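Here is how names work: the chains are called A, B, and so on, in the same order as the sequence lines, proteins then strands, and each is numbered from 1. Because only heavy atoms are used, hydrogens play no part in the values below, and waters and symmetry mates are left out as well, while side chains stay in. Owing to the predicted nature of the structure, the values given are computational and were not obtained by experimental measurement.
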Number of protein chains: 2
Amino acid sequence: MPNSPPFDRARFEQPSLTVDVVVFAMREAAINLLVIERGIPPFEGRWALPGGFVVPSETVERAAARELEEETGLTGVYLEQLYTFSAPDRDPRGRVVSVAHMALLPADRIDAVRGGSDARRAEWVAIPEAIEKVEPAGLPAPGARSRKKLDAREPHFAFDHDVIVATALARLRGKLESTTLAFQLLPEEFTLTEAQRVYEAILGRAIDKVTFRRRLTQLELVEETPRMRRGAHRPARLYRAAPRDSVWI
Amino acid sequence: MPNSPPFDRARFEQPSLTVDVVVFAMREAAINLLVIERGIPPFEGRWALPGGFVVPSETVERAAARELEEETGLTGVYLEQLYTFSAPDRDPRGRVVSVAHMALLPADRIDAVRGGSDARRAEWVAIPEAIEKVEPAGLPAPGARSRKKLDAREPHFAFDHDVIVATALARLRGKLESTTLAFQLLPEEFTLTEAQRVYEAILGRAIDKVTFRRRLTQLELVEETPRMRRGAHRPARLYRAAPRDSVWI
DNA sequence: TGACTTAGTTGCTATCTGCAACTAAGATCC
DNA sequence: GGATCTTAGTTGCAGATAGCAACTAAGTCA
C-alpha cells in the first residue's frame, strides 16, 4: 500500500472492481445455491452469481449487500467477505477483479427470493458434484496458483464462478465446526434433528445423533423454547440459537 | 459481477487497487512483524506494511509477492491472500481498495530482509499489545462493519494497517490448530521444543509438552531426522515437517 | 390394537487430554 | 570428578470426550 510518492495512481490502468455473492440455503435436505441465468454473451445461458460493480462511496461488503438486494430482493441476511479473484483473464471483456462474498439464507426464507429489477430469473440449484473436484484438497488459498476449472463437458457456470462456489463451500465447511454459522441456515426456531441435517448436508457425511446433541447442549449453543414441532410422528422440541457476542465458539 | 449489459465499466470511477503484506516471523521467542517506516505524508513516521499497486497483467497474489520482493528482498515465502479492505476513507488521498496478504518467514531467514529499492528501511517489530483489542472477539469478518482502530495516543500504524495486522493475527491463530501453517515459521529442521514455542507465541498461552509432542508425532505431522541440535544442555532431536499435499490436517 | 417412524435417553468402551512425576544427557562449577 | 543445574524426553494415571448400540417415548396410520 501507499508507501509511494505523491499519488501516481495513473501509472497504469487500474482494473474494474466488482462483487459476487454465493448464496447458500437448505432445500430438500441438501445445500442449494442461488444462481442467475445469463441472457447475453459472454457465457449466454450459463449460471452466474448475483453481483455487480462497486460504486465509489461504498465498501465491497456494502456493494455485495446492495447487489444482492437489487437482483434477488434479499435483505438482512448473513454476509461475509470470502476471497478476491483476480486472474487477468477471468473476464473475456477486460480486466475485472471481483471480491466474492458468501451469504447464508434461513430455510424458511427460501421463497422470498424474487427476480431482479431487470427481470432476470434467480433460481435455486443443487451444488454440482463436480464442484468438489475444483477444490484442491480443501485448501482455501494456495498462494498465487489458480484452481482447476469444471470439466468443459459440463460447463455450468459463467466466468470463474465455479471456482468461487468451490471456495465458498470450502469456507463454509471449514467454519462449520468452529463457529455457529450453521444456525444462519435455520429458521428462528428449529429442532435438533433439523440442525443435524444442516451439518450433515454441508459436511457430506452422517453425524452421530447423541454426539451432536451433546455438543449443542453442553456448549450451550442452543436453548430450549416451550414450543414443539408437530408433524407426522413424535413431536420434537423447538430450540433457538443461544445469544452470543460472536459466531465463533 | 458481469451479469450486466455490454461492458459499461465507465459508469463511475473505479477505485485504485493495491496489495499489502503482513509478514510474520519468530524473533526472540515472540512473533514479530515486518514494517516499513513511512518517510513522507500522509502518516509520515508511522509504520506501514510492504505493498503497492497491482499492475494490469498480474493477479493480486503475484502483486503481493512482487512488492514483497521489491521492498524487502524476500522470495519464496509462504504467502496467502487474507482479506480485502475497502472503507472509502481508508486512504486520505483517494479511493484505494487494498487486498491484504499474510506471509510467513522461517526464523532462520529473518536476517535476509534488506531495505527496499527506494532505500526505505524495513524493520522487525513486536506485535503491539493494543492490536489484540482491535479485533472484535476474534471474528475475521463482521459483514460490512469496520473495526475499531488503535488508540490515538499510540498511533503505530499508517492508514488502516493496524486493522490489517489484527486480521492477519486472527487468521494465523485460527488456522494454527487445523493446519500445519506453523511449520512455515520454522527452519527446515527444528526441535519439538522450538515448534512448541511457535505455537505458544501465536496462541499467547502455554501448551502442555506431552500433549503437544503426542499430537505432532501421532498425526505424523513431523518426521525424525538423524541429527541433533547441540547446545548448552541435553541435545534435542531435530525433526522436519512431514511431506503432505496440503497444509490442512 | 399393533406396526411404523421419528424423538430422545442410557450405558458402555475406547480414545484423548491435562497434569505430575519421573528419567536422560548434556554443561558448569567447585 | 562429583554435585548441581538446565533442558530433553518418557511414563503413568485420572477425568473428560466421542462413537456406538440399545433402549424408551410419543405420535401417525392402517
Measure distances between side-chain N and O atoms of B/Arg214 and base N and O atoms of C/dG18, and say whether any donor-acceptor pair falls under 3.5 Å.
-> yes
If you count the non-hydrogen atoms of other residues, nucleotides and ligands that lie under 6.0 Å from CD in A/Glu188, is the total more than 12?
-> no
Please name the pair of heavy atoms, one in B/Arg215 and one in B/Glu177, separated by the smallest distance, quoted to 0.1 Å.
-> NH2-O, 4.1 Å
Per the under-4.0 Å heavy-atom filter, residues of residues 189-209 of chain B near DNA chain D come out as B/Thr193, B/Lys209
Is any side-chain N of the basic residue among A/Arg197 and A/Glu200 closer than 4.0 Å to the acidic one's carboxylate O?
-> yes
Does B/Thr72 reach the main-chain N or O of B/Glu69 with its side chain, forming a donor-acceptor pair under 3.5 Å?
-> no
5′-ward residue of the pair A/Val210/A/Ala236 relative to DNA chain C | A/Ala236
Report yes if some heavy atom in the side chain of A/Phe183 is under 4.5 Å from a heavy atom in the side chain of A/Val198; otherwise report no.
-> no
Can you tell me if the side-chain N/O atoms of A/Arg237 get under 4.0 Å from OP1 or OP2 in C/dG8?
-> no
Think A/Arg215 has a side-chain N or O under 4.0 angstrom from the OP1 or OP2 of D/dA18?
-> yes
Is there a donor-acceptor pair under 3.5 Å between the side chain of B/Gln81 and the backbone N or O of A/Thr84?
-> yes
Give each protein N/O atom lying under 3.5 Å from an N/O atom of nucleotides 26-30 of chain C, with the pair distance.
from   : atom 1 : to       : atom 2 : distance (Å)
C/dG26 : N2     : B/His233 : ND1    : 3.2
C/dA27 : O4'    : B/Ala232 : O      : 2.5

Here the pair of heavy atoms bringing A/Leu34 nearest to A/Pro50 is O-CD, 3.8 Å
Is there a donor-acceptor contact under 3.5 Å from the side chain of A/Ser86 to the main chain of B/Val60?
-> yes
